[in-house]
Number of protein chains: 2
Amino acid sequence: MEVKNSRQKQRELTKNAILEATEQIVLLEGWQAVSIRKIADAIGYSLPVVYTHFESKDAIQEEFVKHGFNLLATAMQQTNEKYGDAETRLTQMALAYFEFAFKNAAYYKMMFGLGIPSCQKVQEIAEIGKFSSIVIKSISSLMDEIDEQRKFLKFHTFWSILHGLTSISMVNITAAPNEMQQQILLDATQGFIKNINR
Amino acid sequence: MEVKNSRQKQRELTKNAILEATEQIVLLEGWQAVSIRKIADAIGYSLPVVYTHFESKDAIQEEFVKHGFNLLATAMQQTNEKYGDAETRLTQMALAYFEFAFKNAAYYKMMFGLGIPSCQKVQEIAEIGKFSSIVIKSISSLMDEIDEQRKFLKFHTFWSILHGLTSISMVNITAAPNEMQQQILLDATQGFIKNINR
DNA sequence: TTTTTATGGTTAACACTGTTAGCAAAAGTA
DNA sequence: TACTTTTGCTAACAGTGTTAACCATAAAAA
């Protein structure tokens, strides 16, 4: 047990207040709406006080990224404990991951640096159609069925695999070596092709 | 053929100059380093001139997102034409996608709103370890092998699938319906599990 | 108890950012 | 030549992250 005098206690309290105030803004308006002045306003102190607890705005974000990964880890832990069979366990973990990301969208976006495209107009960019039609054509030549919706589903799956690997490599989180990245790509593609006709 | 007087010609020229100047900055320092004043400086005009060609900074970005998807589409097209066998064609497309993303990293990041995490410090966040160790444990219970590196590879593959689907859904590019997203998730997970022992 | 010393907090400023209003000069049209 | 339209400018507004200079007040030393 460490002894804390009232000074240290006070410091910790206002540091927590900063994080809570920031979370309020993040959840309501997203990280891009966070400003040091807003935080200072919310905790009832003047602006430079924030800088006595965090050396920059990035430092505050880092704290949130850490917290986000902690939340994700516990969500996975809980799912892990709930199911006995290894296969359903992994499937449930996939669902839990997905659920986490959308229930904590603000956190997830911060964790992976997502969110610049305005989320509204991007849907209307026609250029995406060119890309998807080419890939869909290539995928459907491997499929027995000709159901349009299943083709679209498979395309979305394939694209997700590609984009996921790419963006994780790009943010360089796990710092996997270069030749491994290619192996991962081929590994995932193989699994996709194998499963293409269910 | 439309007749363009010298006024329209001039307008188009400076518009192109804006895009080229912006590209220079984007390629050298990334999109976050782009400012309207820098652009104006580069094209030798004053600041508000930029606003006579683009109504906002977001509009400029939109242009780049479009251009990025065009580049991606032609890369896929070229790969598509090069290979006869459907299976190798799809595999080569996966490789081409990956190559495109890293050769045009600045574009790719803009297209998917990637890049807030500082890319340097994120690697050192210990909290990621908790998450990955749990998932790796769950994956390895499905594997016959006990090679550490292969476990890590499989984890990376699984994570890529999850993150890819999540972030594409979150940016909401294709606007796939909600129940389909879950199907895609299960589809990809199934393929991954099926292929887990090669 | 008095005098330093450290500390929590303040205001004000710097150097930026995107965006817009108002005005002067140039170019095209009558 | 006189009038209208376009083009480009300076200056400003309202923000942003960050830091320097300063002032009380509380703790520590004399």
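Below, chains carry the letters A, B, ... as their sequence lines are ordered, and counting in each starts from 1.
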Q) Among the nucleotides D:dA20, D:dT18, D:dT10, which one has an atom lying closest to any side-chain atom of A:Ser56? A) D:dT18

Q) What is the nucleic acid contact for B:Thr52, judged by heavy atoms within less than 4.0 Å: base, sugar-phosphate only, or nothing? A) nothing

Q) With a 4.0 Å cut-off on heavy atoms, is B:Ser35 in touch with a base, just the backbone sugar-phosphate, or nothing at all? A) sugar-phosphate

Q. Of the candidate nucleotides C:dT19, D:dG8, C:dG9, which contains the atom at the shortest distance from the side chain of B:Leu47?
A. C:dT19

Q | Distance in angstrom units between A:Gln32 CD and D:dG15 P, rounded | A | 15 Å

(Q) So B:Tyr51, base contact, sugar-phosphate only, or nothing? Heavy-atom distance under 4.0 Å. (A) base

Q | Ring geometry between A:His163 and B:Tyr108 (parallel below 30°, tilted from 30 to 60°, perpendicular above 60°) | A | tilted

Q: Could you check which of D:dA20, D:dT18, C:dT19 has an atom nearest any side-chain atom of B:Ile36?
A: C:dT19

Q: Could you state the atom-to-atom distance from NE2 of B:His53 to P of D:dT6 in whole Å?
A: 14 Å

(Q) Can you give me the closest heavy-atom contact between A:Thr166 and B:Ala101, atom names plus distance? (A) CG2-CB, 3.2 Å

(Q) So, under a plain 3.5 Å distance rule, would you say the side chain of A:Arg37 forms a donor-acceptor pair with the base of D:dG17? (A) yes

Q. What integer distance in Å separates B:Lys38:NZ from C:dC16:C1'?
A. 10 Å

Q: Take B:Lys9 and B:Glu12 through the salt bridge (Lys or Arg N to Asp or Glu O under 4.0 Å) test and state the conclusion after the steps.
A: CA-CA 5 Å; B:Lys9 246 186 250 174; B:Glu12 217 166 282; over 6 Å; no

Q) At under 4.0 Å between heavy atoms, what does B:Val50 touch on the DNA or RNA strands: base, sugar-phosphate, or nothing? A) nothing

Q. Between B:Leu27 and B:Ala106, which heavy-atom pair has the shortest distance, and what is it?
A. CD2-CB, 4.1 Å

